[in-house]
Q: 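My questions all concern the structure below.
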Amino acid sequence: FAINRIRVQVAKDYRSLAKPDEAIKELETILAKDAASDEMQRAYALLERGDLGISKGMLPAAEADLRSALATFRKYEAPADEFSAWEGLARLERKRGASDRALAALDKALALIEEIRAQTANPELRATVMQPFRPAFDLKISILAEHYFNVSHGEGARHNQALAMQALMT
């Protein structure tokens, strides 16, 4: 169990050092048949491989990995991890140019954040629990801004601007 968690972290480190091939090798040892007896560890490896796939432009494989990880996180009721999978799917859809699907995935991710926040009774903890999820809010803002600027020069620009601002507020 611990060795697989360490391997996923090593893969993340390789990815941050721009060494995707080394990261893939680490993940493949976990994902090899019967290597990951723990479904959650396998899901973490799939999540990381999905992120690598997005960065390498291997979108269909990345989507399959992220959706598989998402199903496991849902099964084991792990909302913070489920959030990560939805955020990955949002980044993937954005890379495909499907901003509507990216926003839908982000909305699911942000709903999970709210679920996590609502479970916290301590007001100080409520404020800090949101900090790690800020990139999801930044992603939503950037997608809405792209949409706003892409449509602001065409017919119906004011209507589209209003829709973008309304979406930002929800």
Q: Evaluate whether atom NZ of K19 has more than 12 neighbouring non-hydrogen atoms of other residues, nucleotides or ligands under 6.0 angstrom away.
A: no
Q: Taking side chain as C-beta onward, heavy atoms only, is T72 less than 4.5 Å from L46?
A: no
Q: Taking all atoms of both residues into account, what is the closest heavy-atom pair of L52 and A23, and its distance?
A: CD1-CB, 3.6 Å
Q: Mind checking what makes salt bridge (charged side-chain N to carboxylate O under 4.0 Å, His left out) contact with D51, not counting sequence neighbours?
A: R15, R91
Q: Rounded to the nearest 0.5 Å, what's the gap from CZ on R49 to CG on D65? Could you check?
A: 4.0 Å
Q: Applying salt bridge (charged side-chain N to carboxylate O under 4.0 Å, His left out), can you list everything that pairs with D100, at least two apart in sequence or on another chain?
A: none
Q: Are L66 and L59 connected in the hydrophobic side-chain network, where two residues link if heavy atoms are under 4.5 Å apart?
A: yes
Q: If you draw a 6.0 Å radius around CE in M40, do more than 12 non-hydrogen atoms from other residues or ligands fall strictly inside?
A: yes
Q: Apply salt bridge (charged side-chain N to carboxylate O under 4.0 Å, His left out) to K56 and list each qualifying residue two or more places apart in sequence or on a separate chain.
A: D21
Q: Check for me, please, whether L47 and I24 land in the same ILVMFWY cluster - side-chain distances under 4.5 Å, paths through other members count.
A: yes
Q: Nearest 0.5 angstrom please: L144 CG to E146 CD, how far?
A: 9.5 Å
Q: Any chance you could measure L31, atom CG, to N4, atom CG, to the nearest 0.5 Å?
A: 9.0 Å
Q: Can you pull out every salt bridge (charged side-chain N to carboxylate O under 4.0 Å, His left out) where at least one residue sits in residues 77-89? Sequence neighbours excluded, please.
A: R74-E82
Q: Checking K25 now: which residues fulfil side-chain contact (heavy atoms from CB on, under 4.5 Å) with it, not counting sequence neighbours?
A: none
Q: Please name all residues satisfying side-chain contact (heavy atoms from CB on, under 4.5 Å) with K75, sequence neighbours left out, ordered by chain then number.
A: E39
Q: Working to the nearest 0.5 angstrom, can you tell me the gap between R101 CZ and L89 CG?
A: 11.0 Å
Q: Any ring-ring contact (aromatic ring centres under 6.0 Å, His included) involving residues 55-80? Give me the pairs, sequence neighbours left out, ordered by first then second residue.
A: Y44-F73
Q: Taking salt bridge (charged side-chain N to carboxylate O under 4.0 Å, His left out) as the definition, give me every residue that meets it alongside R96, ordered by chain and number, with sequence neighbours left out.
A: E63, E93
Q: Applying side chain to side chain donor-acceptor pair (under 3.5 Å), can you list everything that pairs with E114, at least two apart in sequence or on another chain?
A: R117
Q: Residues two or more places apart in sequence or in another chain: which of them pass side chain to side chain donor-acceptor pair (under 3.5 Å) with Q9?
A: D13
Q: I'd like to check the side-chain contact (heavy atoms from CB on, under 4.5 Å) partners of I143; sequence neighbours left out, ordered by chain and number.
A: R94, S99, A102, L103, L106, L139
Q: Kindly state each residue pair satisfying ring-ring contact (aromatic ring centres under 6.0 Å, His included) with at least one member in residues 83-103, sequence neighbours excluded.
A: F83-F133
